[in-house]
Amino acid sequence: MNVTVFGATGAIGSLTVTVLLEHGHQVTAYARNPDKVPGSWGERVRVVVGEMSDQDAVDSAVAGADAVVSALGPSMDRKATGLPLVAGTGHILTSMKRHHVRAREAHPGHPPHRLHATHVHAPRLRRDHRHERPGHALGPGLDRRALHRSQDTPKQNRVRVGFFGTDKLGFAVSRADIAAFTAAQVDDDTYVGRAPAISN
């Protein structure tokens with residue numbers, strides 16, 4: 001599949017790109033800072049450089065995609081203002097609609113188109129991310145969201161996946177496991193239309 005990853009040069013996004021490549025997908029990476037693009041990607045990854053406020057650049061990245069992954073995270077700058085992720089996600093969804101990257105049903109010989117959004121608990125999260133209750137229907141154009149608090153620890157052999165309130169879950173999970181889970185959702189319908197939480 002052709003997969004576009006937003007937040008591709010971040011800690012989780014870059015790992016997600018790597019896993020997608022390992023799974024044989026073609027990847028377009030959206031990056032704000034070209035200096036952060038890993039040299040190891042080489043010619044295997046198409047890179048689109050732009051701000052999340054740049055609708056034209058976002059549109060260029062989404063064009064031709066079968067699935068879109070958002071690994072965007074809130075700013076760690078306590079002085080930061082505004083809600084750039086809300087506006088940026090709006091641009092992504094606008095482009096997905098324009099390019100018909102929205103269908104939630106898989107058709108014979110044609111993979112489903114989706115936006116997968118991974119959400120990390122962090123300062124400013126409540127102001128810059130809009131959460132629905134896990135397990136409930138998501139907003140228009142969103143197929144699933146994974147809720148977690150990331151840690152820079154090695155990948156574990158297994159993760160817990162479920163829903164708060166009904167399943168036994170923790171909050172901590174390694175970034176490597178987030179990336180692996182996110183990449184796997186590109187061609188897995190298990191959590192379509194739902195908001196699972198994952199933990200180690």
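Note that these values count all heavy atoms, side chains included, but never hydrogens, waters or copies made by symmetry. The shown structure was predicted, so the numbers you read here are calculated from the model rather than taken from an experiment.
- For Ser174 against Asp177, the heavy-atom pair with the smallest separation is OG-OD2, 2.6 Å.
- Side-chain contact between Gln26 and Val3 is absent, with no heavy-atom pair separated by less than 4.5 Å.
- In terms of heavy-atom proximity, Ala71 sits nearest to Gly13 at CB-CA, 3.7 Å.
- Contact of the Thr9 side chain with the Ser14 side chain is not registered, since no non-hydrogen atoms from C-beta on lie closer than 4.5 Å.
- At a threshold of 4.5 Å between non-hydrogen side-chain atoms, the residues His23 and Asp187 do not count as touching.
- The two residues Tyr191 and Gln185 make their nearest non-hydrogen contact at CD1-OE1, 3.6 Å.
- Annotation: side-chain contact (heavy atoms from CB on, under 4.5 Å) contacts of Arg44 (sequence neighbours excluded): Leu21.
- Expressed to the nearest 0.5 Å, how far CG of Leu169 lies from CZ of Phe164 amounts to 5.5 Å.
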Using distance only, find each side-chain donor-acceptor pair of residues 53-64 under 3.5 Å and give its atom names and separation, not counting sequence neighbours.
residue	atom	partner	partner atom	Å
Asp54	OD1	Asp56	N	3.2
Asp54	OD1	Ala57	N	3.1
Gln55	OE1	His91	ND1	2.7
Gln55	NE2	His91	O	3.1
Gln55	NE2	Ser95	OG	2.8
Asp59	OD1	Ser95	OG	3.1
Asp59	OD1	Arg98	NH1	2.5
Asp59	OD1	His99	NE2	3.2
Asp59	OD2	His99	NE2	3.0
Ser60	OG	Arg46	NH2	3.3

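- Val19 and Val5 fall into different hydrophobic clusters, where Ile, Leu, Val, Met, Phe, Trp and Tyr residues are linked whenever their side-chain heavy atoms come under 4.5 Å apart, directly or through other members.
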What pairs of donor and acceptor atoms, side-chain ones from residues 34-42 against any protein atom, are under 3.5 angstrom apart with sequence neighbours left out?
none

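- Between Arg32 and Val49, the shortest heavy-atom distance links the atoms O-CG1, 3.9 Å.
- Nearest heavy-atom pair across Val173 and Ser199 is CB-CA, 3.8 Å.
- Rounding to the nearest 0.5 Å gives a distance of 10.5 Å between CE of Met96 and OG1 of Thr89.
- Screening residues 158-174 for salt bridge (Lys or Arg N to Asp or Glu O under 4.0 Å) gives no qualifying pairs among residues at least two apart or on separate chains.
- The CZ atom of Phe181 lies 8.0 Å from the CG atom of Asp188; values are rounded to the nearest 0.5 Å.
- Scored by the side-chain contact (heavy atoms from CB on, under 4.5 Å) test, Leu15 finds Arg175, Ala179 as partners (sequence neighbours excluded).
- In the hydrophobic clustering of ILVMFWY residues, with side-chain heavy atoms under 4.5 Å counting as a link, Val69 and Val47 come out together.
- Distance check: Thr4 OG1 to Asn2 CG gives 7.5 Å after rounding to the nearest 0.5 Å.
- Here the closest non-hydrogen pair linking Ile92 and Met52 is CD1-CE, 3.7 Å.
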